[in-house]
There are 2 protein chains.
Amino acid sequence: MNDLSETRSPSSSVGDYLKAVWELAVDSGGTASTKGVAARLSVSPASVSNMFARLQEMGLVRYERYRGATLTERGREEALRLVRRHRLIETFLLEHLGYDWQEVHDEAERLEHAVSDGFTERLAELLGHPDHDPHGDPIPSAEGSLEVDDSMALSQVVAGRRVRISKVRDEDAAMLDYLGDRNLVPGRWLRVREVRELDGVVVVEDEEAEVYALGDPLARSIFVRND
Amino acid sequence: MNDLSETRSPSSSVGDYLKAVWELAVDSGGTASTKGVAARLSVSPASVSNMFARLQEMGLVRYERYRGATLTERGREEALRLVRRHRLIETFLLEHLGYDWQEVHDEAERLEHAVSDGFTERLAELLGHPDHDPHGDPIPSAEGSLEVDDSMALSQVVAGRRVRISKVRDEDAAMLDYLGDRNLVPGRWLRVREVRELDGVVVVEDEEAEVYALGDPLARSIFVRND
DNA sequence: ATATAAGATTAGGCAGGGCTAAACTCAATA
DNA sequence: TATTGAGTTTAGCCCTGCCTAATCTTATAT
C-alpha cells in the first residue's frame, strides 16, 4: 500500500496528467508526447515538460527529454484508480441523477478529484458493481485490473459483419447526443451493409431494418465487437 | 447574476473562508475575528489577514484592519450556497451511501467544492428537497434563504422543561458517534430534570424514562427547541 | 494615564501550476 | 550533407495560498 493510494488522489493536476498519458499511450506504443498531453489538457507544452519532470521525480512516469513519457507501474495504478472513479461517477450521474450524456463528462471530471476511495467503493456498491459505464467503457476493478479491449472502430469493420456496439467515444458531447437520439448505444446489434472507402461512410442496419449512413467521424466514434 | 454564481464556487479556499466567517459571525454580532477564522480553518492568523484583504477586494466581505470581517450580501449568498451544498451532500452520504456520522463531514467538505449548482439541485431532487440535514441543521434554499434558528443549547435550558432536539453540533465526530449510539438525535423529545451550575452537567430523561447525565461539552453540542 | 499582553498585520519566503518567449533537438527533405 | 521546421525544453514571471518572524494596535488592568 503505497502513499498515493491512501485515500485520495495526489494533487488533482497530477492525476489529470496521468490519465492523459494513460489514454494517449494506448494507441502510441505506451508513450505519450508533450504535445499530445498538452492538447488533451488544454495547457501549454511547456507546462507538460515541466510536469513530466515532476512526475518522474514522483516515480509515476519514466521520462526522457524529447521523447515523451511512459507510465510506471505505480503511475498506471494511479491512472486506473482515477478512471475507475470517473466511470463510476458517470454511471451514477446518468442513472441516478438524470444527467444526459452531454453534461456528464465535465461534472465527473471535477468530482473524480474530490472523492475518496471510500466514496468510490460505496458508490460502486450502490450501483451494483457495474463493470461497464453507460458509454460501454470497462470500469477498472478496485484492484486495478482492466478488461482487455478487443473492440474496433466501426470504420474498420468489413461489410457484411454483424456486430454489437461495445462503446462510444465520450469526448464529444454533441456526438453522444446524436447517437443517443438514434439509440445507437452500447449493446445494440448492427449489420454492416457497406463501407465506402471514398468518404469513410459506413452504412449499417439495425434489428428493425432501420438503415443509417454514418459519416467518417461518427464511424470512428462507435466501437463494436462481433461476439 | 454575478460572476460568482455561474456554476461553481470561486477558488475552494475562498469558499472555506466565507463559510467560516458566516459560521463564526452568527454568534459574534456579524463579525468574525482573524483568530477565530484561523482556528476554524487551521491556518495561521497571518493567512487570514491576507485573505480578508483579498475577500474585500472581491466584494465578499467588509473588512477593517484589526477589527475583523463581515460578509457582504454577495458574500453571504456565496456562503449559503456552500452550506446548502454541504448539507445536501451530507444528507446524501448518510441516507444513500451508508456513511455514518463520523465519516460524513470530511467527505462533504471536499465534495462541496467540486460539484456544480446543477448537481446540487439534482441531488436535492433525488433527496426529496429536504429542509434539514440529518444533524438537524436547516438547509438553505436554492435562492439563499435560511430559516431563522430559534433553538438553544441544552446547557441553557432551565430544569423542568420538555424540549425536542433540533440539531447536534457536527464538528466533533466522536461526539456525534456517542450521541448516535444513545439515539440522541434530532427529533427526540427530552425532559430536563436538572441543570447543575457547578459542573455544567445536565440531567435529562427521554420518553422511555431513560436518564442521561450529560457533561458540559455534550450539553453544549445538543440544541433544542420547546415546541 | 500607561504598561502589557493578546491579537492582528506586514514582510519575506516557499511550493504548486500555469504562461510566454526564446533557445534547442532531431528527423526529414532538399 | 545541410537546412529547416515541428516539437521540446528552458528561463523567467505570475498568481494563489500558506508559513514564520517581526512589528504594530488595542483593550485592559494597574
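Atom set for the values below is all heavy atoms of this structure, side chains included, hydrogens, waters and symmetry mates excluded. Order of the sequence lines fixes the chain letters, A, B, ..., with proteins taken first and strands second; residue numbering starts at 1 for each chain.
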Residues two or more places apart in sequence or in another chain: which of them pass side chain to side chain contact (heavy atoms under 4.5 Å, CB included) with B/Val26?
none
What string of B, S and - do you get for nucleotides 3-10 of chain C 5' to 3' if you count protein non-hydrogen atoms under 4.0 Å?
----BSBB
Whole-Å distance, A/Met51 CE to D/dT8 P, equals 17 Å
Check against side-chain contact (heavy atoms from CB on, under 4.5 Å), A/Val14 and A/Met58:
CA-CA 10 Å; A/Val14 167; A/Met58 299 183 227; 3.8 Å; yes
Taken to the nearest whole Å, CG/A/Leu55 to P/C/dG18 is 10 Å
Only one of B/Glu121, B/Glu112, B/Glu78 passes salt bridge (charged side-chain N to carboxylate O under 4.0 Å, His left out) with B/Arg84, and that residue is B/Glu121
May I ask you to verify if any side-chain N or O of B/Ser44 is less than 4.0 angstrom from the OP1 or OP2 atom of D/dC18?
no
In this structure, how many angstroms lie between the C1' atom of C/dG16 and the NE2 atom of A/His113, rounded?
15 Å
Using a strict cut-off of less than 4.0 Å between a Lys/Arg side-chain nitrogen and an Asp/Glu carboxylate oxygen, indicate whether B/Glu90 and B/Arg87 qualify as a salt bridge.
no
Contacts of type salt bridge (Lys or Arg N to Asp or Glu O under 4.0 Å), residue A/Asp150, not counting sequence neighbours:
A/Arg225
Output, in order, the C-alpha distance, side-chain angles, deciding distance and verdict of side-chain contact (heavy atoms from CB on, under 4.5 Å) for A/Asp199 and A/Arg196.
CA-CA 6 Å; A/Asp199 54 2; A/Arg196 295 212 299 263; 3.1 Å; yes
